[in-house]
Structure formats: structure tokens, C-alpha cells
Amino acid sequence: MEDIVIVGFGGHAKSVADCIEREGKYHIVGYTDLQKADSQYSYMGTDDELQAIFDSGIKNAAIGVGYMGKGEIRRQLYSKLKDIGFKLPIIVDPSASVSDTAAIGEGSFVGKGAIINTEAGVGKMVIINTKALVEHECVVGDYAHVAVGAVLCGQVKVGEAAFIGANATVIQCREVKGNAIIPAGATIR
Ligand SMILES: CC(C)(COP(=O)(O)OP(=O)(O)OC[C@H]1O[C@@H](n2cnc3c(N)ncnc32)[C@H](O)[C@@H]1OP(=O)(O)O)[C@@H](O)C(=O)NCCC(=O)NCCS
């Protein structure tokens with residue numbers, strides 16, 4: 001099993017770690033963050049240590065920073081990790097259902113019970129969170145976050161780094177602009 005380091009360890013990182021454990025494809029060696037977190041995993045120092053971590057033979061990274069309107073942090077972390085040479089595997093919880101005809105970009109995370117239906121296109125570094133539904137032919141831009149229980153009906157387009165709040169619904173064929181924040185429970189018609 002290959003090793004993986006988690007970069008940033010808040011609440012979202014705990015979900016990511018849990019899915020990595022359940023997938024059983026990677027061994028979590030520890031995490032980086034500004035300071036030691038409440039975690040069973042080893043604290044490996046700040047992000048300044050990432051080059052040394054890579055040089056020690058750990059070639060995979062998962063970004064644990066969740067966000068709402070903080071797409072910029074995830075962009076910066078992504079560039080930093082790619083410059084060093086890290087691979088950012090797609091993490092999909094075993095309970096999620098992803099169509100064989102859907103595409104998902106590198107570093108994206110698909111949480112428990114999420115559904116990504118046929119011909120949907122999910123960009124890189126996207127979070128499709130617990131029980132979110134991305135219906136047929138939706139396009140979700142890089143760094144976007146579809147929060148827990150949110151529903152994107154068919155053929156919806158979500159721009160880069162947009163945030164679709166918990167339990168929000170976007171009806172079919174609508175477009176959400178990049179960096180937009182859709183409030184929890186909102187319906188976009
Ligand atoms: C929309 C949101 C970003 C606004 O946060 P904020 O800028 O801190 O705004 P406030 O909480 O001060 O609320 C401002 C006003 O919007 C209203 N409001 C806030 N969230 C709302 C929502 N989801 N639906 C309807 N109205 C909402 C508030 O009642 C308040 O109204 P008022 O001015 O009449 O009192 C936030 O409420 C929200 O929905 N966040 C998403 C949380 C989420 O989905 N988390 C998932 C993590 S996986």
C-alpha cells in the first residue's frame with residue numbers, strides 16, 4: 001500500500017481520513033498543519049516540511065482543508081503540492097455511487113453516500129460532500145464544494161470555487177457562477 005500525507009487537519013480532514021481508511025488503498029502516515037491537531041495520526045510539522053516529506057518517499061497527498069469561500073487556500077495548496085511533485089489521488093468513499101460515465105479530476109473528494117450520475121464532469125480539487133447528489137450531465141468546476149446533502153439537478157453548471165450550501169437545491173440546467181456562495185437550504189430556480 002502506498003503512503004499518503006494529509007495536508008491541513010480540521011474537521012473536513014477527519015472525513016477525508018475516514019474515507020481513505022475505508023477505501024484501503026493508501027496508508028496515512030500523518031498530517032501537516034500550523035499546529036498539532038486532535039488526531040490519532042502523527043503530526044509531521046507545518047507545510048514547510050512538505051518537500052522533506054516528499055523527499056523521504058511519500059509521494060501522495062490529500063488536502064484536508066475544507067472550505068466555504070476559501071477556494072484560494074486550496075488553489076495555493078494544490079500548486080505547492082504539484083510543484084513539489086506530489087500525486088493527489090481522487091478519494092471516493094466506498095458508500096458513494098459514481099457512474100462509470102462520470103469523470104472526476106485529481107485531488108477531488110467524494111464523501112459518504114454521495115451520488116455522481118451519468119456523464120457528470122467533476123473538476124479537480126472538488127469536494128462532493130456527504131450525501132450530495134450531482135445528477136446527470138452536471139459540470140462542477142475546479143475547487144468547487146457541493147456541501148452535505150446538496151442537490152444539483154440534471155445539466156447544472158457550477159463555476160470554479162463556487163460553494164453550494166448544505167441541503168441547497170439547484171434545479172436543472174441552471175448555472176452557478178464561479179466563487180458564488182449558495183446559502184444552506186436555498187433553492188436556485
Ligand atoms: C449564507 C451564509 C454563508 C451567510 O452567512 P453570514 O454571511 O455569516 O450571514 P449571517 O449569518 O449574518 O446572515 C445574514 C442574513 O441572512 C440570513 N441567512 C443566513 N443564512 C441563510 C440561509 N441559509 N437561508 C436563508 N437565509 C439565511 C440570516 O437570517 C440573516 O438575515 P437578517 O439580516 O434578516 O437577520 C450562511 O448562513 C450559510 O448558509 N452557510 C452555509 C453553511 C453550510 O452549508 N455548511 C456546510 C458545510 S459542509
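Whatever order the structure lists ligands and atoms in, that order sets their numbers, starting from 1. This is a predicted model, so every value here is computed, not measured.
Evaluation of the side chain to side chain contact (heavy atoms under 4.5 Å, CB included) rule for Gln76 yields Glu72 as partners, not counting sequence neighbours. Arg22 is linked by a side chain to side chain contact (heavy atoms under 4.5 Å, CB included) to Asp18, Asp93, Pro94, Ser95, Lys112, counting only residues two or more places apart in sequence or in another chain.
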Could you go through residues 1-12 and list every donor-acceptor pair under 3.5 Å that involves a side-chain atom there, pairing it with any protein atom two or more places apart or in another chain?
residue : atom : partner : partner atom : Å
Glu2    : OE1  : Asn60   : ND2          : 2.8
Asp3    : OD1  : His27   : ND1          : 3.0

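Here the side chains of Ile182 and Ile188 are in contact, with some heavy-atom distance below 4.5 Å.
With hydrogens and angles disregarded, a donor-acceptor distance shorter than 3.5 Å links the side chain of Tyr43 to the backbone of Asp33. With hydrogens and angles disregarded, no donor-acceptor distance shorter than 3.5 Å links the side chain of Arg74 to the backbone of Gly66.
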One pair per line, please: each N/O atom of ligand 1 matched with every protein N/O atom under 3.5 Å away, atom names first, then the distance to 0.1 Å.
residue  : atom   : partner : partner atom : Å
ligand 1 : 23 (N) : Ala184  : N            : 3.4
ligand 1 : 23 (N) : Ala184  : O            : 2.7
ligand 1 : 39 (O) : Ala184  : N            : 2.9
ligand 1 : 44 (O) : Ala166  : N            : 2.7

